[in-house]
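Quick notes on the structure that follows.
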Amino acid sequence: MRIASVAGRAVVVRDDGFVDVALASEGTLPSETTALVAQLDRLAAWYRPDMDLTETIGATELARDGRLGPVVASPSQVFAIGLNYRTHALEMGLMTPPKPMVFTKFPSCLTHATASFPLPSDEVDWEAELVVVIGSGGRDLTVEQAPGAIAGYCVGQDISNRALQLLGSPAQFSLGKSHRNFAPVGPWITTADEVPDPNDLRIQCRVNDTVYQDASTSDMIFTVFQIVSYLSSVCALRPGDLIFTGSPAGVGQGHRPPIFLRSGDVLTTTIERLGGLRNVAE
Ligand code: ZN
């Protein structure tokens with residue numbers, strides 16, 4: 001099932017239209033995705049594919065017309081994992097970390113699949129990432145328990161102002177990755193039952209017509225389930241929390257000389273099974 005947010009309301013997205021979950025269920029299911037992702041069992045038990053559509057505007061049009069909001073508007077936490085692909089750590093000239101390297105993208109930078117974003121310096125870079133959406137969540141989850149805590153997956157861009165991210169020693173990543181609209185997530189949440197293996201998905205990123213990143217999530221150093229387990233050993237994971245799981249090789253910073261985004265550049269990010277983002281640099 002594909003779950004999205006239209007005008008702040010949780011919907012089930014189909015090719016032929018969408019169903020407003022709270023409206024169609026007469027309020028028995030939540031109106032926001034943050035709460036709904038913790039109740040996917042109830043949603044699945046209630047939903048029927050022949051249900052009346054709230055609107056006959058389907059998945060492609062919703063994404064193209066920018067009617068979808070960020071998949072979760074106000075998660076309590078947004079985690080991001082740095083250097084989780086060996087080839088990316090190498091191109092950044094950094095060591096692969098012994099444990100997941102964790103920072104945050106502050107939630108105010110979340111935006112939808114087709115949002116444009118500013119260039120606060122001339123060193124703004126791209127990072128295509130698989131994003132985990134936490135469902136029931138919890139604490140101290142084992143790797144085996146992790147799948148049960150996950151609602152689904154979406155595509156994310158960890159847009160990065162390298163000038164601010166790498167300023168100072170030791171560098172503090174979070175602010176340089178949290179400018180306005182620096183975290184497009186979407187276009188919708190694909191529920192976990194439709195993703196047989198989150199660590200076997202092709203992930204790509206294009207700037208204009210040039211493919212810069214083309215890899216598989218099977219190349220991650222720490223798998224999705226290992227990351228969820230690790231984070232839950234420190235923090236309680238709550239419904240709607242997001243985890244950016246790291247970016248493969250091919251970011252602008254990794255080139256000699258580096259390549260950064262210019263005004264008007266079109267950033268296209270896609271993941272097999274999950275859809276795509278299209279974001280323009282302002
Ligand atoms: Zn990243």
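When a ligand or atom number is given, it counts from 1 through the structure's own listing order. No hydrogens, no waters, no symmetry mates; every other heavy atom, side chains included, goes into these values.
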### Message
Listing request: all salt bridge (Lys or Arg N to Asp or Glu O under 4.0 Å) pairs with a residue in residues 252-270, at least two apart in sequence or in separate chains.
### Response
none
### Task
Go through the structure and list residues passing side chain to side chain contact (heavy atoms under 4.5 Å, CB included) with Thr114, not counting sequence neighbours.
His112
## Note on the structure
By side chain to side chain contact (heavy atoms under 4.5 Å, CB included), Ala59 pairs with (sequence neighbours left out) Arg2, Val13, Asp15, Trp188
#### Entry: Distance-only side-chain donor-acceptor flag, Thr269 / Gln204, under 3.5 Å
no
### Tally of protein N, O or S atoms, where distance to the Zn ion (ligand 1) is under 2.8 Å
3
### Message
Please verify the inter-ring angle class for Tyr212 with Trp126; under 30° counts as parallel, over 60° as perpendicular, anything in between as tilted.
### Response
tilted
### Query
For Arg202, does its backbone N or O pair with a side-chain atom of Glu272 as donor and acceptor, under 3.5 Å?
yes
